[in-house]
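Here is the structure we will look at, set down as structure tokens.
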Amino acid sequence: MPVSDHVNLEQFMEGVKKRNPGQAEFVQAVHEVAQDIFEFMADKVEYHEAQILRRIAEPDRIVSFRVCWEDDNHNIRVQRGWRVQNNNAIGPYKGGIRFHPSVTESVLKFLAFEQTFKNSLTGLPMGGGKGGANFNPKGKSDAEVMRFCQSFMTELYRHIGPDTDVPAGDIGVGGREIGYMFGQYKRITGRWEGVLTGKGQEYGGSQMRPEATGYGAVYFLQNMLKHQGMDVEGHTAVISGSGNVATHAAEKITQLGGKVLTLSDSGGFIHDPDGIDQEKIDWVKNLKNVKRGRISEYADHFTNASFHEGKRPWDVSCDLALPCATQNELNEDEAKTLVDNGVKGVSEGANMPTTLDGVKVFHDAKILYGPGKAANAGGVAVSGLEMSQNSERISWNHERLGEMLTDLMEGIHEKCTEYGDQGDGYVDYVKGANIAGFKKVADAMLAFGVV
Ligand code: NDP
Ligand code: 2IT
């Protein structure tokens with residue numbers, strides 16, 4: 001059949017919308033990828049005939065389950081948990097677990113879909129998956145979080161394993177939660193195996209994993225800037241979020257001689273015109289990870305800073321912007337404001353933080369724009385290294401892992417430029433990431449036939 005007889009992008013997206021009613025985030029993620037892949041596939045009959053994109057956009061399976069737990073007042077609470085196993089063509093399903101009240105099947109499907117391309121881009125043998133629950137860890141005691149994590153793992157354990165599916169952290173899931181879940185997996189199965197990444201250093205965790213996503217997002221930005229003869233040094237940066245990714249992105253920007261002006265959480269953002277240096281970043285890490293406090297407290301402690309309740313930081317004038325909180329946190333108007341204020345580069349620590357209209361603004365203005373699936377791939381890449389270390393029963397040191405992360409991010413940047421170079425010196429990193437990520441998975445799927 002000639003390629004022209006196959007469905008076009010519009011028909012394809014109509015089908016995706018029809019099959020996934022009410023799943024706006026998933027449809028958005030598929031649309032962003034499909035735009036580039038349809039163009040790439042225009043003269044490639046084999047991908048059309050094998051319905052490759054249609055198959056990648058249909059998760060291999062979705063497991064959903066009830067998670068019951070008892071709070072400290074002896075109330076019985078019921079949450080919903082999921083694991084979306086999107087695609088394992090090139091390796092075991094791999095991707096984080098998110099605990100947040102906003103978690104829905106649509107959100108996890110979009111994340112598992114994105115993860116498939118991201119993991120492919122790293123060059124490591126990992127398929128794509130994502131899981132989570134509509135549980136809100138905020139305000140819960142350690143004991144409540146432990147009981148929830150144990151109950152969640154009691155359901156999840158039968159669907160995962162070091163060669164089948166290897167979860168990790170994401171929003172609301174950090175070292176504490178991974179510890180509780182790993183402990184429960186080990187208790188149920190009686191096996192110590194690398195079934196989760198992001199583990200503590202004492203029990204098989206990779207030394208670089210906590211820093212990897214934030215550092216990697218800055219390395220990706222550095223690579224984009226370098227490609228245009230620029231650098232991070234001497235530039236101001238606006239960062240959203242104040243969790244794992246945001247604080248480590250801030251740390252790396254600062255180490256490279258940049259000045260971080262903002263951090264945020266769901267309550268608002270803080271603006272520190274003096275710059276958020278390492279000492280202040282350490283204070284924020286302690287606030288968030290130990291005291292489990294709110295970013296507004298920063299402005300009470302560092303009195304030159306201001307807190308902007310209910311606001312996002314994108315109207316603070318800056319050279320560099322790093323959205324590191326959540327999906328759709330930067331819209332068309334905010335993208336225009338950043339461009340009007342002279343932003344030079346945007347690197348996404350978060351997954352799909354910029355809306356499709358916002359991305360268009362960056363592209364039209366020819367701003368360096370690194371999409372999450374490329375820019376934040378450092379986290380899962382170091383997770384891949386943690387899997388290797390666990391399989392080989394070895395442990396690489398911080399320095400060695402740091403070098404590997406730097407190389408991996410450079411490799412991802414290279415792959416993006418290979419497919420995204422527009423010929424006029426501008427690189428469309430979205431297109432580059434989508435095509436490079438797709439090609440490896442698609443070719444593996446072609447090799448398997450119809451399965
Ligand atoms: P954390 O839970 O450590 O931090 C999340 C941060 O984002 C918090 O400051 C949180 O504020 C804020 N946030 C969450 N939801 C919202 C919301 N709806 N509106 C405004 N702010 C919000 O998570 P991570 O730092 O790990 O994850 C941040 C982003 O990075 C996510 O998009 C995640 O998918 C992505 N990512 C994470 C990786 C990792 O290795 N951890 C790897 C690759 C991507 P509050 O405390 O108020 O909720
Ligand atoms: O979105 C992501 O890449 C993650 N949350 C990390 C996944 C992982 O398996 O380390």
Side-chain angles (χ1 to χ4, degrees), residues 25 91-103 107-108 110-119 121-122 124 126-132 136-139 160 165-178 194-199 205-206 208-217 239-250 263-270 284-285 287-289 292-296 310-313 322-330 348-354 371-387:
E25 296 87 356
Y93 303 107
K94 179 86 196 86
I97 292 179
R98 178 177 291 190
F99 291 162
H100 195 270
S102 65
V103 165
V107 167
L108 297 178
F110 114 65
L111 288 163
F113 178 80
E114 287 281 289
Q115 197 83 43
T116 304
F117 296 84
K118 184 195 304 190
N119 293 3
L121 269 178
T122 65
L124 301 174
M126 300 182 289
K130 200 85 185 192
N136 187 358
K138 254 180 242 148
I160 61 176
D165 186 351
V166 184
D170 194 79
I171 292 177
V173 177
R176 173 180 64 170
E177 292 75 17
I178 293 289
V195 69
L196 295 172
T197 59
K199 300 187 290 300
S206 165
M208 197 68 192
R209 182 62 188 87
E211 297 92 335
T213 311
Y215 280 19
I239 300 182
S240 65
S242 50
N244 172 273
V245 180
T247 50
H248 289 108
L263 289 172
S264 74
D265 63 19
S266 49
F269 78 92
I270 54 103
V284 173
K285 283 185 183 174
L287 172 78
K288 285 288 177 173
N289 299 332
R292 310 245 168 225
R294 311 300 303 151
I295 201 66
S296 58
K311 297 249 163 61
R312 304 197 284 217
L322 292 104
C324 295
T326 194
Q327 64 273 4
N328 293 328
E329 55 161 322
L330 201 170
E348 294 185 338
N351 285 304
M352 206 170 75
T354 310
K373 66 170 77 70
N376 71 39
V380 75
V382 173
S383 277
L385 301 179
E386 184 171 329
M387 288 167 72

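Basis for what follows: all heavy atoms, side chains included, without hydrogens, waters or symmetry-related copies. Remember, it's 1-based here, ligands and their atoms both numbered in the order they're listed.
By the criterion of a heavy-atom distance under 4.0 Å, the side chain of Arg294, and not its backbone, is placed next to ligand 1. At a heavy-atom distance under 4.0 Å, only side-chain atoms of Gln115, from C-beta outward, approach ligand 2. Under 4.0 Å from ligand 1, the heavy atoms of Ser264 that appear belong solely to its backbone. Looking at Ser102 against ligand 1, nothing comes within 4.0 Å, counting heavy atoms.
Looking at ligand 1, you won't find any N or O of Lys130 less than 3.5 Å from one of its N or O atoms. Residue Asn376 has no N or O atom closer than 3.5 Å to an N or O atom of ligand 2. Distances between N or O atoms of Gly169 and those of ligand 2 include at least one value under 3.5 Å.
In the vicinity of Ser383, heavy-atom distances shorter than 4.0 Å reach the ligand 2 atoms 8 (C), 9 (O), 10 (O). Each of the atoms 1 (O), 2 (C), 4 (C), 5 (N) of ligand 2 lies under 4.0 Å from some heavy atom of Lys130. Of all atoms in ligand 2, numbered sequentially from 1 with element shown, those under 4.0 Å from a heavy atom of Ala168 are 8 (C), 9 (O), 10 (O). In the vicinity of Gly95, heavy-atom distances shorter than 4.0 Å reach the ligand 2 atoms 7 (C), 9 (O).
Between Arg294 and Ser266, the side chains place a donor N or O and an acceptor N or O closer than 3.5 Å (distance only, hydrogens not considered). Residues Lys288 and Asn244 have side chains that never bring a donor and an acceptor to within less than 3.5 angstrom of each other.
At least one heavy atom of Arg209 lies less than 4.0 angstrom from ligand 2.
For atom 41 (N) of ligand 1, the nearest non-hydrogen atom from the set Asn244, Val382, Thr326, Val107 comes from Asn244. Closest to atom 7 (C) of ligand 2 by heavy atom, among Gly349, Gly379, Gly96, is Gly96. Of the candidates Val245, Ile171, Asn289, Val284, it is Val245 that places a heavy atom closest to atom 37 (C) of ligand 1.
Inter-residue side-chain proximity for Asp265 and Ser242 is flagged as met; some heavy-atom pair is nearer than 4.5 Å.
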